[in-house]
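Here is the structure we will look at.
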Amino acid sequence: KIKVFGRSVGGSLGLLVALEIVLRTAWGFGKMPIYAASSEWEYMTVPEQSGKRLGNQFYFNRYGMRCQEVDSTKKHVLGLGDSVINGGVQTDQDSLATSLFSAETGTQMLNVSAGSWGPDNCAAYLRHYGLFDAKAMFLLVSSHDAHDIMDFAPVVGVNESYPDKQYCCAIAEVVCRYIYPRYIRKFFKQTKEDLDPDQKVLAQVGIHKSGKKFNPGFDELKQMADSARIPLVVFLHAEKPEMQAGKYNEQGQEI
């Protein structure tokens, strides 16, 4: 019985080790982009990270941008926005809109973005680092950005979408970050505090966040562009309900 038990334990450990290796090598689990909180722009990915997850490459340069290092030999355009322009690990580095623009034009578009960022997050980042001698600024926003103003609510290390450290192993990441929130947590009552910033925005479509004023980041970015004498292009990205309605909602009309 002891031998049988020993073989069973050894076999189980062997399967776990094999699963760990497959999850790491084939899917890139166990090494995810890590975030850091900021007293200026709320949060952003930690600089100088790279890897491959879910078959997609990701890279963050020394400034935390989702692009290659700033090339001093090229002209620059600032690409500013949220998860739409950032792409997340679901998008390969070479398939990002900013990467495609850089490859096709020879002008490097610097990807200054993070999930659920708004104009004020972007403005705070540029206030700290400057404009990198950019020749233009491209801002991608959605209608909810009209009143989605920074509130510095803690998300880094709190929500699974904004981790501040790696899990002990790839198996633990799959269970804690993907299986539990998608298939187990739904059986428990979910509060608004359980949602990550992007989910909170989806839950607020059509609602002015806390009744606050119009996002001041729009005006600040315009002032930065005017001071540098460069163009600021704002692209209002329609959400699914707006696509179905054939028009922007009230907040989109404000923008």
Side-chain angles (χ1 to χ4, degrees), residues 32-38 40-51 53 56-71 76-103 107-132 134 136-146 148-152 155-156 159 161-164 196-202 215-218 220-222 224-225 230 232-239 255:
M32 53 190 173
I34 298 301
Y35 287 77
S38 168
E40 297 176 78
W41 48 83
E42 291 190 302
Y43 55 85
M44 195 180 190
T45 44
V46 172
E48 298 182 304
Q49 297 184 78
S50 63
R53 285 175 64 82
N56 299 317
Q57 296 283 351
F58 67 85
Y59 182 86
F60 297 93
N61 69 17
R62 59 179 295 193
Y63 297 103
M65 303 172 179
R66 178 113 197 246
C67 60
Q68 298 301 314
E69 296 299 334
V70 179
D71 190 340
H76 303 138
V77 171
L78 294 172
L80 311 168
D82 58 11
S83 57
V84 177
I85 196 170
N86 182 274
V89 295
Q90 296 89 348
T91 308
D92 187 82
Q93 191 75 26
D94 291 337
S95 297
L96 295 170
T98 52
S99 298
L100 295 173
F101 177 91
S102 299
T107 295
Q108 186 181 23
M109 179 173 277
L110 305 177
N111 192 317
V112 182
S113 62
S116 197
W117 261 23
D120 51 349
N121 299 86
C122 299
Y125 179 94
L126 297 181
R127 196 186 312 132
H128 180 93
Y129 284 112
L131 303 185
F132 297 91
M137 297 166 64
F138 175 83
L139 173 65
L140 189 149
V141 296
S142 297
S143 294
H144 58 254
D145 286 312
D148 187 10
I149 301 172
M150 291 190 294
D151 58 13
F152 295 92
V155 295
V156 176
N159 300 109
S161 297
Y162 299 86
D164 59 352
D196 67 30
D198 287 322
Q199 292 173 320
K200 287 181 180 180
V201 165
L202 292 176
N215 193 309
F218 286 99
E220 186 170 0
L221 290 174
K222 179 67 166 59
M224 290 180 178
I230 59 175
L232 167 64
V233 176
V234 180
F235 181 82
L236 183 54
H237 182 269
E239 298 172 347
I255 294 175

Any side-chain heavy-atom pair from [X] and [Y] closer than 4.5 angstrom?
{"X": "D145", "Y": "P119", "value": "yes"}
{"X": "V233", "Y": "L139", "value": "no"}
{"X": "T45", "Y": "R66", "value": "no"}
{"X": "Y35", "Y": "V46", "value": "no"}
{"X": "T107", "Y": "S102", "value": "no"}
{"X": "F132", "Y": "M65", "value": "yes"}

Taking the side chain from [X] and the backbone from [Y], do they hold a donor-acceptor pair closer than 3.5 Å?
{"X": "N159", "Y": "Y162", "value": "no"}
{"X": "Y63", "Y": "E48", "value": "no"}
{"X": "D120", "Y": "P216", "value": "no"}
{"X": "N215", "Y": "D148", "value": "yes"}
{"X": "H237", "Y": "S143", "value": "no"}
{"X": "N56", "Y": "V89", "value": "yes"}
{"X": "Q108", "Y": "E69", "value": "yes"}
{"X": "E40", "Y": "A124", "value": "no"}
{"X": "E42", "Y": "M150", "value": "no"}
{"X": "S83", "Y": "S116", "value": "no"}

#### Entry: Residue pair L80, M137: steps toward the side chain to side chain contact (heavy atoms under 4.5 Å, CB included) verdict
CA-CA 7 Å; L80 311 168; M137 297 166 64; 3.9 Å; yes

[X] to [Y] - nearest heavy-atom pair and separation:
{"X": "Y59", "Y": "S50", "result": "CD1-CB, 3.7 Å"}
{"X": "M109", "Y": "F138", "result": "CE-CB, 4.3 Å"}
{"X": "F218", "Y": "A146", "result": "CE1-CA, 4.4 Å"}
{"X": "L131", "Y": "L126", "result": "CD2-CD1, 3.9 Å"}
{"X": "E220", "Y": "R127", "result": "OE2-NE, 2.8 Å"}
{"X": "D82", "Y": "W117", "result": "CB-O, 3.3 Å"}

### Query
Excluding sequence neighbours, so at least two apart, what forms side-chain hydrogen bond (donor to acceptor under 3.5 Å, both in side chains) with N111?
T98, S113

### Task
Would you please name every residue forming a ring pair (Phe, Tyr, Trp, His ring centres under 6.0 Å) with H128, sequence neighbours left out?
W41

### Message
For E239 and H144: C-alpha separation, side-chain torsions, deciding distance, then whether side chain to side chain contact (heavy atoms under 4.5 Å, CB included) applies.
### Response
CA-CA 9 Å; E239 298 172 347; H144 58 254; 2.6 Å; yes

### Task
Any chance you could lay out the side chain to side chain contact (heavy atoms under 4.5 Å, CB included) test for S95 and L100, step after step, and finish with the verdict?
CA-CA 6 Å; S95 297; L100 295 173; 5.7 Å; no

